[in-house]
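For reference, the structure is listed below as C-alpha cells.
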Amino acid sequence: MSDADEVSNADEVSNADGASKPDEAFRTDEASKLNDPAVSELRLVVTAADYDAALHFYRDVLGLAERGAFSSPGGRVTILDAGRATLELTDPNHAAFIDDVEVGRRVAGHMRVAFQVDDSAATTAKLAAAGAQVIAEPTRTPWNSLNSRLEAPGALQLTLFTELDD
C-alpha cells in the first residue's frame with residue numbers, strides 16, 4: 001500500500017447521529033511522509049458579471065485580503081486570500097445529506113464554497129446586509145458546527161461554518 005493509499009483510506013469518526021467527520025488523517029505518521037505535495041495552492045476562479053459588486057462583497061464585507069490585482073484590455077482580476085484551502089469531494093447522496101442538514105432540502109448545484117468563520121450567525125447577518133440572500137439561517141449540524149447557507153455575488157452558493165467546542 002502506498003503512502004497516498006494509507007491517507008485516502010483513513011478511518012472516519014462517527015458521532016452519535018451517525019454522521020461521519022474526517023479523522024485527523026493528515027496528522028498521521030503516514031501522512032507526514034507526504035512532505036512534497038504536487039499542488040501548493042488551490043485557486044477557485046469565479047467569473048462575476050458584476051465584478052465591482054462581487055469584489056466589494058468578498059473583499060470589503062467578508063474580509064478576504066487582497067493578494068494582487070491585474071488588468072487586461074477591458075478586463076480585471078483580483079486575487080483574494082481565503083486562508084487555507086481544501087478540496088472537498090462528495091458523491092451526490094452525501095451532497096444531498098449536507099443540503100438536508102443545512103437547508104432542509106436539496107438546493108446546491110455541483111459546487112458551493114464553504115468559509116470557516118469565527119461567528120457564522122454574525123457573518124451571515126453581515127453578508128445578508130450586504131446583499132447576499134440567506135437560504136438557511138445558522139443550523140447546528142451532526143458534525144458539531146454551526147452552518148448557514150447563502151446565495152452570494154458571482155452566483156456562488158456559500159456555506160458559512162463555525163466549529164463548535166461542545
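Keep in mind that what you see is a predicted model, and the values were worked out from it rather than measured.
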>> If you apply the rule side-chain contact (heavy atoms from CB on, under 4.5 Å), what do you find for Gln133 with Arg149, and how did you get there?
In response: CA-CA 9 Å; Gln133 176 190 354; Arg149 191 73 68 90; over 6 Å; no

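- Through direct or indirect side-chain contacts shorter than 4.5 Å among Ile, Leu, Val, Met, Phe, Trp and Tyr, Leu146 is connected to Leu164.
- Under the salt bridge (Lys or Arg N to Asp or Glu O under 4.0 Å) criterion, Glu151 pairs with no residue, sequence neighbours left out.
- Atom NE2 of His94 sits about 11.5 Å away from atom CG of Leu89, to the nearest 0.5 Å.
- Remark: the Arg76 side chain and the Ser71 side chain contain no N/O donor-acceptor pair separated by less than 3.5 Å.
- With hydrogens and angles ignored, the 3.5 Å screen pairs a side-chain donor or acceptor of Asp99 with a backbone N or O of Ala108.
- Across Trp143 and Glu163, no two heavy atoms sit closer than the pair O-OE1, 4.4 Å.
- Val103 forms part of a hydrophobic cluster together with Val107, Ile135, judged by ILVMFWY side-chain heavy-atom separations under 4.5 Å.
- Side-chain polar atoms of Thr162 and Gln116 form no donor-acceptor pair below 3.5 angstrom.
- Evaluation of the side chain to side chain contact (heavy atoms under 4.5 Å, CB included) rule for Thr86 yields Arg84 as partners, not counting sequence neighbours.
- With a 4.5 Å cut-off between side-chain heavy atoms of Ile, Leu, Val, Met, Phe, Trp and Tyr, the cluster of Met111 takes in Leu44, Val46, Tyr51, Leu55, Phe57, Tyr58, Val61, Leu62, Leu64, Leu80, Val113, Phe115, Val117, Leu127, Val134, Leu150, Leu156, Leu158, Leu160.
- In the displayed structure, Asp91 atom CG is contacted under 6.0 Å by more than 12 heavy atoms of other residues, nucleotides or ligands.
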>> Between Glu137 and Thr124, is the side chain to side chain donor-acceptor pair (under 3.5 Å) condition met? List the steps.
In response: CA-CA 8 Å; Glu137 294 290 341; Thr124 298; 5.8 Å; no

> Can Arg112 and Ile98 be said to form a side-chain contact (heavy atoms from CB on, under 4.5 Å), step by step?
Replying inline: CA-CA 11 Å; Arg112 70 183 159 76; Ile98 293 168; 3.2 Å; yes

> Given the rule in the salt bridge (Lys or Arg N to Asp or Glu O under 4.0 Å) test, do Glu102 and Arg140 qualify, once you have shown the distances and angles that lead to the verdict?
Replying inline: CA-CA 8 Å; Glu102 292 181 1; Arg140 188 179 194 123; over 6 Å; no

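- Other residues sharing the hydrophobic cluster of Ile79, ordered by chain and number and joined by side-chain separations under 4.5 Å: Phe70, Val77.
- For the residue pair Ala54 and Ala48, the shortest heavy atom distance occurs at CB-CB, 3.7 Å.
- Between the side chain of Thr141 and the main chain of Ser145, a donor-acceptor pair closer than 3.5 Å is present.
- Nearest approach of Ala121 to Pro138, heavy atoms of both residues: CA-CG, 3.6 Å.
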